[in-house]
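A, B, ... follow the sequence lines: proteins, then strands. Residue 1 opens every chain. Small disclaimer: the values here were computed from a predicted structure and weren't measured.
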Number of protein chains: 2
Amino acid sequence: MRVLLIEDDTVLGAAVRDQITADGHSIDWAKRLDEAGQYLDVAAYDLILLDLMLPDGRGQPFLRALRKRGDVTPVIILTALDQISDRIEGLNAGADDYMVKPFDLSELSARLGAVARRYAGNPNPLVTLGDLQVDLAAHSVHRAGKPVSLTAREWVLFEAFVQRPQQLLSKAQLEERLYSFESEIESNTIEVHVSRLRKKLGRERIETVRGMGYRLGAP
Amino acid sequence: MRVLLIEDDTVLGAAVRDQITADGHSIDWAKRLDEAGQYLDVAAYDLILLDLMLPDGRGQPFLRALRKRGDVTPVIILTALDQISDRIEGLNAGADDYMVKPFDLSELSARLGAVARRYAGNPNPLVTLGDLQVDLAAHSVHRAGKPVSLTAREWVLFEAFVQRPQQLLSKAQLEERLYSFESEIESNTIEVHVSRLRKKLGRERIETVRGMGYRLGAP
DNA sequence: GCGCGCCCTTCAGGTCAGTGTCAGGATCGG
DNA sequence: CCGATCCTGACACTGACCTGAAGGGCGCGC
């Protein structure tokens, strides 16, 4: 399941992100509404977690706009404001559920599970890129109808590209995705993994931008 | 169809009662085990919904006693999320199914429908995976026409795979399914159970994705 | 109550795929 | 043409995974 988290609190946000990835879902984390808008422009999500108080505006109008343009993605509101009026406003704006901070991470898991169950049985959405078919939930890739098996690292890398198609990703960004800071890798690991990906998925799939990074080529 | 609901939570109980009556069934609602015993003394039911945590005792011994005296009424267990490990015990005690709170009322309707169909003499829907035939409602697996007996843990594990075919399931997800969060298992139990499942169901049935988890192979 | 048997967990030893590193060659930009 | 950057085959090592066996807990039959 793909989740979009819109939350400016870095501590809470990190905790939520970790919990959700531990539950086996993938997550994108926007810290501002405009950033969230960018994510929504390029990808579809199965669930949105929305904080109501954000640096560049309140969540309700954002949610209202989302619904107005026909987006029916389930939305769970996260907020410190436990006032009933906010709750009502949130539900009026089109939220599906509501959680008041501070909340238990296990409770979050429970609600996630409820949403996920609603999706169980439905086929997963497929992303198509030329002759590639990508099932982000199942972590599977098919090339010309035949399954391609990717290793853990390869998948993480490829997922980064698929989630941000057309977008230029620097090696630093990719390294962070693979190794999350801690170990400053100083060899050409990324290049090697990109090379292996290309061998499996097709040479022209990932294009290199000299001195800058890589980008998923247009279908 | 006649349903006996054993549940002490008045809010959840009322919701379930309303849903079931709305579905056109009749229901008796006991809030304690001794009360449930009285109902069972005077009437026969087609289905029992059993909460595991009740004011006057736990559900498992009750269920065990029920089975011991030959009652084969289908039983669906209702359990809170933080008691998932109870479901193992529940299956051992003779439950037919379980639902984790909070659950969708529509999901409840679906399971009721399954029981009703079986009650009416119609066979359950079978999931076919190569030479395997799986009856999710009856908890039975046949391989090449011959019945395969799975233990409680094996079944829970296998069910997780069948419910999400093609999907990659991490060990963390599987552990959570088997043990809830509480007891962070630190050994290779999952591996051992997968190994046993493979031995019973066929080596190639469950494929391992190194560093990521397991997946039910395509038929 | 008491043993018996089933099931689950843990452990240890062995195997091998995945990964990081490196080096030589290819390619690009200026 | 030269330096910087990137590509990719080869290789060794780590740790993830498999599996047989041992030990303990629990229900069940006697």
Side-chain angles (χ1 to χ4, degrees), chain A residues 139 148-158 168-172 174-175 177-180 182-215 217, chain B residues 58-70 84-95 139 148-158 168-172 174-175 177-180 182-215:
Chain A
H139 288 209
V148 180
S149 87
L150 299 184
T151 70
R153 292 255 131 87
E154 286 164 1
W155 173 259
V156 172
L157 206 58
F158 184 55
L168 181 69
L169 297 174
S170 71
K171 284 190 198 171
L174 296 171
E175 279 176 16
R177 180 121 181 174
L178 278 180
Y179 310 106
S180 52
E182 81 220 20
S183 70
E184 271 296 316
I185 238 70
E186 72 248 333
S187 78
N188 63 345
T189 318
I190 299 292
E191 293 172 16
V192 172
H193 281 299
V194 168
S195 171
R196 289 178 182 150
L197 261 184
R198 289 210 254 240
K199 191 185 285 184
K200 288 187 178 179
L201 302 179
R203 203 106 329 193
E204 310 308 326
R205 201 89 273 157
I206 300 170
E207 66 179 289
T208 122
V209 183
R210 278 215 151 212
M212 313 232 55
Y214 297 93
R215 176 193 305 154
Chain B
R58 312 190 64 211
Q60 291 94 329
F62 178 83
L63 175 53
R64 224 181 283 275
L66 192 75
R67 292 290 183 238
K68 196 159 187 175
R69 67 171 191 261
I84 295 185
S85 52
D86 285 339
R87 91 167 83 179
I88 304 280
E89 238 182 292
L91 290 179
N92 274 335
H139 291 190
V148 178
S149 87
L150 299 183
T151 69
R153 292 216 128 87
E154 285 165 1
W155 172 258
V156 171
L157 206 57
F158 184 56
L168 181 73
L169 298 175
S170 71
K171 282 193 203 171
L174 297 171
E175 280 176 13
R177 181 123 181 171
L178 281 179
Y179 310 107
S180 166
E182 76 219 20
S183 65
E184 275 294 316
I185 234 69
E186 74 278 308
S187 80
N188 63 345
T189 317
I190 299 291
E191 293 171 17
V192 173
H193 282 300
V194 168
S195 173
R196 295 211 179 103
L197 265 183
R198 290 210 253 239
K199 196 182 282 184
K200 287 186 179 179
L201 303 179
R203 199 106 328 191
E204 311 308 325
R205 199 89 275 158
I206 300 171
E207 68 178 292
T208 124
V209 184
R210 286 215 155 213
M212 312 216 62
Y214 297 93
R215 174 189 309 156

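We find the CZ-CD distance between B:Arg198 and B:Glu204 to be 8.5 Å, quoted to the nearest 0.5 Å. Residue B:Arg215 holds its CZ atom at 9.5 Å from CG of B:Leu169, rounded to the nearest 0.5 Å. Taking CZ of A:Arg196 as the start and NZ of A:Lys199 as the end, the distance is 8.5 Å to the nearest 0.5 Å.
Comparing B:Ala152 and A:Glu154 along DNA chain C, the residue whose closest nucleotide (by nearest heavy atom) sits nearer the 5' end is B:Ala152.
Within the 4.0 Å cut-off from OP1 or OP2 of C:dC22, not a single side-chain nitrogen or oxygen of A:Ser187 is found. At least one side-chain nitrogen or oxygen of B:Thr189 sits closer than 4.0 Å to the OP1 or OP2 atom of C:dT10.
Rounded to an integer number of Å, the gap from B:Ile190 CD1 to D:dA16 C1' is 15 Å. One atom, CD of B:Glu175, and another, C1' of D:dC17, lie 14 Å apart when rounded to the nearest Å. C:dT19 atom P lies 15 Å from atom CG of A:Leu174, rounded to whole Å. Going from atom CZ of B:Arg153 over to atom P of D:dG25 covers 15 Å, rounded to whole Å. Taking atom CG of residue B:Leu169 and atom C1' of nucleotide D:dC17, one finds them 17 Å apart after rounding to whole Å. If you take OH of A:Tyr179 and C1' of C:dG20, they are 7 Å apart, rounded to a whole angstrom. Here D:dC17 presents its C1' atom at 16 Å from CG of B:Leu197, a figure rounded to the nearest Å.
Inter-axis angle, ends of the helix from C:dG1-D:dC30 to C:dG30-D:dC1, five pairs per end, rounded to 10 degrees: 40°.
Qualifying side-chain hydrogen bond (donor to acceptor under 3.5 Å, both in side chains) partners for A:Ser170, counting only residues two or more places apart in sequence or in other chains: A:Gln173. Applying the side-chain hydrogen bond (donor to acceptor under 3.5 Å, both in side chains) rule to B:Glu207 yields no partners; only residues at least two apart in sequence or on another chain are considered. Listed by chain and residue number, B:Asp96 satisfy the side-chain hydrogen bond (donor to acceptor under 3.5 Å, both in side chains) test with B:Arg67 (two or more places apart in sequence, or in another chain).
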Each nucleotide N or O in nucleotides 26-30 of chain D that has a protein N or O under 3.5 Å away: list the pair and distance.
none

Just the table, please: protein N/O against nucleotides 5-9 of chain D N/O, every pair under 3.5 Å.
| from | atom 1 | to | atom 2 | distance (Å) |
| --- | --- | --- | --- | --- |
| D:dT5 | O2 | A:Arg210 | NH2 | 2.8 |
| D:dC6 | OP1 | A:Gly211 | N | 3.0 |
| D:dC6 | OP2 | A:Lys171 | NZ | 2.9 |
| D:dC7 | OP1 | A:Arg198 | NH2 | 2.1 |
| D:dC7 | OP2 | A:Tyr214 | OH | 2.7 |
| D:dT8 | OP1 | A:Arg203 | NH1 | 3.2 |
| D:dT8 | OP2 | A:Ser195 | OG | 3.3 |
| D:dT8 | O4 | A:Asn188 | ND2 | 2.7 |
| D:dG9 | OP2 | A:Lys199 | NZ | 2.8 |

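Checked by atom type and distance alone, the side chain of B:Arg210 never pairs as donor or acceptor with a backbone atom of A:Thr151 at under 3.5 Å.
Here the closest non-hydrogen pair linking A:Leu174 and A:Tyr214 is CD1-CD1, 4.1 Å. When all heavy atoms are compared, the tightest approach of A:His193 to A:Arg153 is CE1-CB, 3.7 Å. Residues A:Leu150 and B:Val209 share a closest heavy-atom pair of O-CG1, 4.4 Å.
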Walk me through whether B:Glu154 and B:Lys200 qualify under salt bridge (charged side-chain N to carboxylate O under 4.0 Å, His left out). CA-CA 10 Å; B:Glu154 285 165 1; B:Lys200 287 186 179 179; 2.8 Å; yes
